[in-house]
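Here the structure comes first, spelled out in C-alpha cells, and everything after it is commentary.
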Amino acid sequence: MCGIIGYCGKEEAAPYLLKGLYSLEYRGYDSAGLCVFAPQGMLTVKTAGRVADLQQKWDALPERPFARCGIGHTRWATDGAPTEKNAHPHRVGSVSIVHNGIIENSGALRVELQKKGYVFVSQTDTEVLAALLDEGYQAVGNIPAAIRYAESRVTGSFAVAAMFEPEKDTVWAFRKESPLIAATAPNGNFLASDIFAVSRYTSQYYPLQEEEIAVLRPDGLSFLQKDGTPLEKDPVSILTDSRQAEKGAFPHHMLKEIFDAPDAIRETVAAYLRDGLPSLSLLDPKGFLRRAKRLFIVACGTALNAGKIGKFYFEKLAGLSTYCAIASEFRYDSPILQDGDHFLFITQSGETADTLAAMRMVRGMGFSATALVNTPNSTAVNLADSVLYTRAGPEIAVASTKAYVAQCSLLYLVANAVALYREKINAVAVRENVHALYHDAPICIANLLADREAVRAISQKYCEAPSCFFIGRGLDYSLAEESSLKCKEISYIHCEAYPAGELKHGTIALIEENTLVVAIVSGEMVREKTFSNIREVRARGGKVLLVTDRHAETQVADDLYIVPAKKLFPVCAAVFFQLFAYYGALLRGCDVDKPRNLAKSVTVE
Ligand code: F6R
C-alpha cells in the first residue's frame with residue numbers, strides 16, 4: 001500500500017527512482033509519480049496508471065534533465081480517486097512531498113489553510129501536509145523547524161519524503177507509525193518504504209524512527225533529532241536474501257511462492273527444534289505462553305485465518321482457551337479481559353495498521369503481546385514483548401500463500417510445545433506430530449505441486465462459476481474461510497465460506513441448478529455429517545467439488561480431489577486451494593500478482 005522511494009547520488013536519479021518504484025509495485029497502488037531537482041527547478045511527472053506508464057511519460061519528455069536527486073511514489077487511493085491530480089508528489093509553494101499514511105484532521109486544516117490563501121488542486125490529505133510544511137518553512141526558513149511545525153499540527157500516520165526548492169539536491173524524510181528506511185550504497189543514498197527497493201544495492205540499512213529526520217544529499221546520508229541536532233545511527237543488516245524476492249523462471253510471484261511452501265515449513269520449524277522437540281526456551285523465552293490462562297489471537301485476513309487454525313490446535317492439543325479476533329474490530333468489542341490473558345498478533349508483513357493499532361491498545365492496557373511475524377525488523381517486531389518468526393522468505397504476490405502455510409505450521413509447533421509443557425501429551429506424541437509437520441507435510445505438498453495439472457483441470461472446469469460456496473466443519477471450516485478468500489481476491493469470483501451445518505439455516509436458499517459448492521472434509525468426526533450436507537446441496541442441483549484427506553466414493557460429489565495428509569490437512573490442502581485460485585484467476589485473465597484494489601501491506605486503518 002503506497003510506496004516511497006528517494007535517491008540522492010552522483011548518478012542520474014530518475015532510473016533509480018523508477019527501478020525503486022517497480023520494486024514497490026507489489027505493495028499495491030493505482031497511480032505513480034516522481035519529482036527531481038532539475039537545473040531549472042523541481043520537475044514533477046505523474047500518471048494515473050502503472051509505473052511502466054510513468055516510465056513511458058518520463059522517457060517521452062522532450063528534454064530530460066540530468067537530476068541527481070529526487071523522490072518517487074506509488075499511491076493506493078484513500079483520500080480522493082486514483083487520478084493523476086491526486087497522484088504524488090504534491091507540490092505546494094516551495095515544497096514537494098510524497099506521503100504514506102493518513103492525515104486524519106486534513107479536512108479542518110484544509111479550510112484553515114485556504115483562509116490563509118493556499119489553493120489546493122487535489123483532494124488529498126497529502127497536499128494539506130505539503131502546505132503545512134511550506135507554511136512552516138516560509139515562517140522560519142529552517143527545515144527541521146518546518147517539519148516540527150507540520151508534525152505538531154497533524155493527527156494520523158505518515159511517512160514523508162520532501163524536497164524544498166531553495167535547498168537544492170537534498171531530500172528530507174520523517175515519519176510517524178508508517179515505516180521508512182534509509183540506506184547508503186556505492187551508487188548513492190536511498191530512502192524507501194521497505195528494503196526490497198534497496199536490497200539490490202546494499203546489505204545494510206537504517207530504520208528511521210519517529211522523532212528523527214533523515215537527510216539525503218549526493219555526498220552522504222545523515223540523521224537529525226527532531227530539534228535539528230545531529231544524530232548518529234547504527235545500520236541494521238538486511239537479513240532477507242533479496243534474491244528470494246525474484247520470481248526466477250516462474251511466470252508469477254504467486255506460483256513461485258506456492259512452490260516455496262515445503263521450504264517455508266522446514267525452515268520455520270527447524271529454527272525452533274532441539275533434539276527433535278519444539279524448544280520452549282526458543283519459542284517462549286519469556287514464559288508468556290506457558291503462564292497464559294487464555295490466549296487471544298488478533299490479526300487480519302489470511303493471517304487471521306491462520307490464527308483460526310491455531311486456535312483449534314491450542315485448544316485441542318494444549319487445552320488452552322483461545323479466542324480469535326479481527327484486528328480492525330477488536331478495539332470496538334468489549335472483551336472482558338483478565339489476569340493471565342496473553343495476546344498473539346499474527347502478521348506476515350509486520351506493518352498492518354489494524355494489527356499494530358490493536359497491539360498498541362493491549363500493550364497500553366498492560367497486557368503482553370507476542371508477534372508472529374514473517375518480516376524481520378518490521379514495526380510489529382519492535383512493538384512486541386516477544387517474537388515468533390516464520391521463515392517463509394519475502395512474499396511479493398499480493399495474495400498470501402507460503403506465509404499462511406508457515407503461520408499454521410508454527411502455530412502447530414507452539415501448540416505442541418505448550419501441550420508438552422502442560423503434560424497434555426507426552427514427548428513421544430509430540431515427536432510424532434513434529435515428524436508429520438517437518439517431514440510428511442512438505443512431502444505431501446511437493447506431491448500436490450507435482451500434480452498441479454490435475455488441479456488446473458479442476459479450476460478450468462469451474463472458473464466461470466459466477467459464485468461459489470466453500471463449506472466445512474470445525475478445522476475444515478477455518479480452511480474454507482481461507483480458501484474462499486484466496487479465490488475471491490485473485491479471481492474476482494464471489495465466494496463465501498459457510499459452516500457446512502449452518503447452510504440449511506438460510507443460505508441453502510441460494511443453491512440452485514449448477515451453483516458451485518466446494519466441500520472440505522478431513523478426519524472421521526465430521527465426515528458423515530458433511531457428506532449429508534453435500535447430499536442436500538446436490539439434491540437442489542448444486543455442483544460439488546469435494547476436497548478430502550482419504551478415499552471417498554466417487555458418487556459422493558461431482559468432482560473429488562484427495563490430499564492424503566496424515567495430520568496437517570489444513571496446511572497441505574491450503575496449497576491445493578492456492579493453486580485452484582491461481583489457475584482460476586489465470587484462466588479468467590486476472591492480474592494474479594497484483595489483483596485490483598488490493599495492497600500487500602495495508603498500512604492504513
Ligand atoms: C490475503 C492477504 C491479506 C493479509 C492481511 C494481513 O491473501 O494477504 O488478507 O493476510 O492483509 O496482512 P499481514 O499478514 O501482513 O498483517
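When a ligand or atom number is given, it counts from 1 through the structure's own listing order. Heads up: numbering here begins at 1 and tracks the sequence.
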task = Please state which part of Glu351 comes within less than 4.0 Å of ligand 1, counting heavy atoms only: side chain, backbone, both or neither.
result =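 The answer is neither; Glu351 stays 4.0 Å or more away.
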Centre of [Y]'s six-membered ring, under 6.0 Å away, within 45 degrees of the axis: is that where NZ or CZ of [X] sits?
X: Arg363; Y: Phe343; value: no
X: Arg596; Y: Tyr492; value: yes
X: Arg456; Y: Tyr582; value: no

Looking at [atom], what's its closest protein heavy atom, distance included?
atom: atom 10 (O) of ligand 1; answer: Thr302 N, 3.1 Å
atom: atom 11 (O) of ligand 1; answer: Val602 CG2, 4.0 Å
atom: atom 14 (O) of ligand 1; answer: Gln348 N, 2.7 Å
atom: atom 7 (O) of ligand 1; answer: Glu489 OE2, 2.5 Å
atom: atom 6 (C) of ligand 1; answer: Cys300 O, 3.4 Å
atom: atom 15 (O) of ligand 1; answer: Ser349 OG, 2.6 Å

message = Please list, in number order, the atoms of ligand 1 under 4.0 Å from a heavy atom of Lys486.
response =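 Reading through ligand 1 atom by atom, the close ones are 1 (C), 7 (O).
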ask   = Under 4.0 Å from any heavy atom of Ala303, which atoms of ligand 1 are there?
value =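 In order of number, 10 (O), 14 (O).
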task = Consider ligand 1: state whether an atom of it lies below 4.0 angstrom from any non-hydrogen atom of Val398.
result =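 Per 4.0 Å heavy-atom rule, Val398 contacts ligand 1.
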ask   = Would you say Ala399 touches ligand 1, if touching means a heavy atom closer than 4.0 Å?
value =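 The answer is yes, since Ala399 has a heavy atom less than 4.0 Å from ligand 1.
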message = Out of Val373, Leu356, Thr375, Thr352, who is nearest to atom 12 (O) of ligand 1 when you count heavy atoms only?
response =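 Ranked by closest heavy atom to atom 12 (O) of ligand 1, first place is Thr352.
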No-hydrogen, no-angle side-chain donor-acceptor test under 3.5 Å, [X] and [Y]:
X: His99; Y: Thr126; value: yes
X: Thr379; Y: Asn382; value: no
X: Ser321; Y: Glu315; value: no

task = Return yes or no for this condition: an N or O of Gln407 is under 3.5 Å from an N or O of ligand 1.
result =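 Between Gln407 and ligand 1 (N or O atoms, distance only) the closest approach is not under 3.5 Å.
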query = Is any N or O atom of Ser400, backbone or side chain, closer than 3.5 Å to an N or O atom of ligand 1?
reply =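 Yes.
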message = Would you say that Phe569 contacts Ile520 through its side chain, given a criterion of any heavy-atom pair below 4.5 Å between the two side chains?
response =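 When only atoms from C-beta onward are counted, Ile520 and Phe569 do touch, with a gap below 4.5 Å.
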message = Whether the side chain of Asp593 engages the backbone of His253 through a donor-acceptor N/O pair (distance < 3.5 Å, no angle test) should be reported.
response =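 At least one qualifying donor-acceptor pair exists.
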inquiry  = For Glu395, run the salt bridge (charged side-chain N to carboxylate O under 4.0 Å, His left out) check against Lys402, Lys247, Lys600 and tell me which one passes.
reply    =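 It is Lys600, the one option of Lys402, Lys247, Lys600 that forms the salt bridge (charged side-chain N to carboxylate O under 4.0 Å, His left out) with Glu395.
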